[in-house]
Amino acid sequence: MADNKNLTPRAEDFSTWYNEVVQRAELADYSPVRGSMVIRPWGYGIWENMQRALDEMFKETGHENAYFPLLIPLSFIEKEKEHIEGFAPELAVVTKAGGKELEEPYVIRPTSETIIYSMYAKWVQSYRDLPILMNQWANVMRWEMRTRLFLRTAEFLWQEGHTAHATAGEAEEETLMILDIYRKFMEDWIGMPPITGLKSESEKFAGAVRSYSCEALMQDNKALQAGTSHFLGQNFARQFDLKFQSEGGQEEYAWNTSWGVSTRLIGGLVMTHGDDKGLIVPPRLSPTQVVIVPILKGEDSSLVLEKTKEVESRLKAAGVRVKIDARDNVSPGVKYYEWERKGVPYRMEIGPKDIEKGSVALARRVVPSGAKRKSFVMEDQAVAEMPNLLEEFQTELRDASVARREENTVRGVRTINELQEALDGGAGFVFTGWNGDPSVEEEVKGLTKATIRCLPSEEFRSPQTPVKCVSGAGESVTEVAWARSY
RNA sequence: CGGGGUGUGGCUCAGUCCGGUAGAGCGCUGCGUUCGGGUCGCAGAGGUCCCCGGUUCGAAUCCGGGCACCCCGACCA
């Protein structure tokens, strides 16, 4: 940092900017343990708002919350072959407890499929016990080589949904429904519009039959896998003997799904909306939507404070999350900068002059181009309008992100050369044809550092279906979206 | 696991080449003054110079070993 005040601009060094924003907005801080972090109240407040919104959507669609234990017998993880291959290097294992070596080591969960389906096996006998639709909010641990605040930490918070169904069709439907919930959540709450689609074989979750994901485009034009939903087939059911008697009386293995989003979403939020002044939090997720800064002058102080409290309660009554910053040891200007860094959508200033006129000063975290930084409006109007203003802001953030995603998406690319050029020219998503051969993925990745983010869902596909594979070898069997990614 | 960088008051760093008993700015505390975009003044507190060992009369500085963290790559939500 050049000095204590300004952030490194995004254009200069995006990842330094990111780290500075996260720390200076007080979202999180490094902990003494390598790769793990403390989520501070401002960051955790955002997470709580995310949880609340998602939890409601899960419950509306029939899911219930439960909690499964942190420690999982190592042998469980080892049962599903691909699963263990996917996770082996990043497992943290407990071998000692109570001062003694354990008979069998326990793994700190990297994800809970194994323990959960082993329990489902115990609870399910008949098709009448299905479906099971459960979710848990939990922490998990993956000993990553390289970590970054929120984007990849050794320990992180997430929700993992795990369902069991009588038929493949029903499970697949569940997988896609959740994908859609994730997508809506990202659009409507984070204002971070992803493209959705199917993961290629090499990018899918270890142990899944098919993985779907939401891929969001960050301001540096790198893609962030922001949520995944997996159709697990009967892979885990077979390993954990999750069987049921069907309507026809036969014994069958259940069909499973699992799906999750994590605190990584907060990283996505930062990289979607932040600017060179700091964080910008979409109103629906902001722990504080309006901060009131009293302008304290001599004997008017108590009058001003009284007024701010009055406005605070009026805003609260209107359903707005509001906070008064009444500190008397810092000047108003300092507070402005601080709250802007934290990304609070609206600031309201109330001083003696306002009280005289019955007005307030309003400042928006993002000022539309050409508009003045502050507007002076009557108090009644400010209070009445605030819920709408916040929703407008929310919509604006989303629309800007949709526009940015589209502007940075290149379609109809035919060759690896063109793909390379597009990426070097700063493109985000690049759409091409693909013959389905993993060696093409390898080759492109080696040349361009881009990977197949997904085989896009129908509505994200190009109007003109590609004919040839980007490699030049053969027909395209599917369109794919490439990007460099986190 | 490779490449690069950094470890010195709370933070950002100077001092290290050339050894001599530790500094700046910001922050913090107190008092006063200000308060509508990073107020100002005065006074003050605060440091095992990452750790261990060595060289030396003397080490933040030189030598050896270790550790931690950050950034960039290979692997991953």
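In what follows, chains are A, B, ... by sequence order, proteins preceding strands, each numbered from 1.
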Next item on the list: Give one of base, sugar-phosphate or nothing for A:S485, where a contact means two heavy atoms less than 4.0 Å apart.
Entry: nothing
Checklist line | Touch class at under 4.0 angstrom, heavy-atom based, for A:G260 against every strand present | finding: nothing
Note to self: For A:Y120 and A:F240, I'd like to know if the aromatic rings sit close, meaning centre-to-centre distance below 6.0 Å.
What the structure shows: no
Next item on the list: Establish, for the pair A:R142 and A:W158, whether the NZ or CZ atom is under 6.0 angstrom from the six-membered ring centre and no further than 45 degrees off its axis.
Entry: yes
Next item on the list: Kindly confirm whether the side-chain ring of A:Y337 is stacked on the base of B:G38, judged by centres under 5.5 Å and planes under 30°.
Entry: yes
Note to self: Considering every strand and a 4.0 Å limit on heavy-atom distances, what is the contact class for A:K353: base, sugar-phosphate, or nothing?
What the structure shows: base
Notebook entry, point to check: When you compare B:U21 with B:G25, how far apart are their C1' atoms, in angstrom units rounded to a whole number?
Noted result: 24 Å
Note to self: Over all strands shown, is A:S15 touching base, sugar-phosphate only, or nothing at heavy-atom distances under 4.0 angstrom?
What the structure shows: sugar-phosphate
Item checked: Nucleotide B:C69, atom P - distance to CG of A:D29 in whole Å -> 14 Å
Next item on the list: Please measure how far the P atom in B:U16 lies from the corresponding atom in B:C63, and state the result in whole Å.
Entry: 14 Å
Margin query: What's the gap between B:U29 and B:C13 when it is taken at their C1' atoms, as a whole Å value?
Written below: 23 Å
Next item on the list: Could you check how far CZ of A:R327 sits from C1' of B:G38, rounded to whole Å?
Entry: 12 Å
Item checked: Value in whole Å for how far the P atom of B:A77 lies from CH2 of A:W143 -> 18 Å
Note to self: What's A:R347 touching, base or sugar-phosphate or nothing? Going by heavy atoms closer than 4.0 Å.
What the structure shows: base
Notebook entry, point to check: For A:K79, which residues count as a salt bridge (charged side-chain N to carboxylate O under 4.0 Å, His left out) partner, sequence neighbours excluded?
Noted result: none
Next item on the list: For the side chain of A:Q225, starting at C-beta, report the closest nucleotide among B:A77, B:C35, B:G37.
Entry: B:A77
Check: Is the NZ or CZ atom of A:R365 both under 6.0 Å from the centre of the six-membered ring of A:F393 and within 45° of that ring's axis?
Finding: no
Item checked: Identity of whatever pairs with B:C67 - Watson-Crick or G-U, under 3.5 angstrom -> B:G7
Note to self: Given the ring of A:W189, does A:R284 sit roughly above its face, with NZ or CZ under 6.0 Å from the centre of the six-membered ring and within 45° of the axis?
What the structure shows: yes
Notebook entry, point to check: Can you tell me how far P in B:C51 sits from the matching atom in B:G37, rounded to whole Å?
Noted result: 46 Å
Checklist line | Between B:A77 (P) and A:Q159 (CD): distance, integer Å | finding: 15 Å
Check: Which nucleotide in the set B:G36, B:G38, B:A77 lies at the smallest distance from any side-chain heavy atom of A:R341?
Finding: B:G38
Checklist line | Nearest-nucleotide comparison on RNA chain B, the residue closer to the 5′ end among A:E144 and A:E349 | finding: A:E349
Next item on the list: Searching all strands shown, indicate the nucleotide that pairs with B:C35 (Watson-Crick or G-U wobble; both distances under 3.5 Å).
Entry: none
Item checked: Gap in Å between the two P atoms, one belonging to B:A14 and one to B:C50, rounded -> 13 Å
Note to self: Judged by each residue's nearest nucleotide on RNA chain B, which is more toward the 5′ side, A:F150 or A:D13?
What the structure shows: A:D13
Margin query: Give me the distance, rounded to whole Å, that separates B:G3 from B:G15 when you measure between the P atoms they each carry.
Written below: 27 Å
Checklist line | Selected nucleotide, minimal atom distance to A:K445 side chain, candidates B:C75, B:A77, B:C35 | finding: B:C75
Notebook entry, point to check: For the pair made of CD in A:E90 and P in B:A77, what is the distance, rounded to whole Å?
Noted result: 7 Å
Note to self: So A:Q23, base contact, sugar-phosphate only, or nothing? Heavy-atom distance under 4.0 Å.
What the structure shows: nothing
Check: Within the structure shown, what part of the strands sits under 4.0 Å from A:F205 by heavy-atom distance: base, sugar-phosphate, or nothing?
Finding: nothing
Check: Which part of the nucleic acid does A:K277 contact within heavy-atom distance under 4.0 Å: base, sugar-phosphate only, or nothing?
Finding: nothing
Checklist line | For atom CE of A:M186 and atom C1' of B:A77, their distance in whole Å | finding: 11 Å
Note to self: In whole Å, measure the gap between the C1' atoms of B:A22 and B:C49 for me.
What the structure shows: 8 Å
Notebook entry, point to check: With respect to the phosphate group of B:A77, does any side-chain polar atom (N or O) of A:K204 fall under 4.0 Å of OP1 or OP2?
Noted result: no
Notebook entry, point to check: Rounding to the closest angstrom, what is the interatomic distance between B:U61 and B:G53 at atom P?
Noted result: 14 Å
Check: Where the side chain of A:P332 is defined as all heavy atoms beyond and including C-beta, which of B:A77, B:C35, B:G37 is the nearest nucleotide?
Finding: B:C35
Margin query: Heavy atoms from C-beta onward define the side chain here; which of B:A77, B:C70, B:G36 lies closest to that of A:T228?
Written below: B:A77
Note to self: What I want to check is whether an N or O donor and acceptor connect the side chain of A:E340 with the base of B:G37 at under 3.5 Å.
What the structure shows: yes
Item checked: Minimum heavy-atom distance A:R183-A:P194, with the two atoms named -> CG-CG, 4.1 Å
Notebook entry, point to check: OP1, OP2 of B:C71 versus side-chain N and O of A:N19: anything below 4.0 Å?
Noted result: yes
Next item on the list: Please determine, for B:G73, whether a Watson-Crick or G-U wobble partner exists with both distances under 3.5 Å, and give it or none.
Entry: B:C1
Next item on the list: Using atom OH of A:Y182 as one end and atom C1' of B:A77 as the other, report the distance to the nearest whole Å.
Entry: 11 Å
Next item on the list: Output all residues satisfying side-chain contact (heavy atoms from CB on, under 4.5 Å) with A:A208, sequence neighbours left out; order by chain, then residue number.
Entry: A:F205, A:S211, A:H230, A:L232
Notebook entry, point to check: Counting only heavy atoms not in A:E85, do more than 12 sit closer than 6.0 Å to its CD atom?
Noted result: yes
Margin query: What contact category does A:L151 fall into here, base, sugar-phosphate, or nothing, at under 4.0 angstrom with non-hydrogen atoms?
Written below: base
Check: Could you state the CD-P distance from A:E203 to B:C75, rounded to the nearest angstrom?
Finding: 10 Å
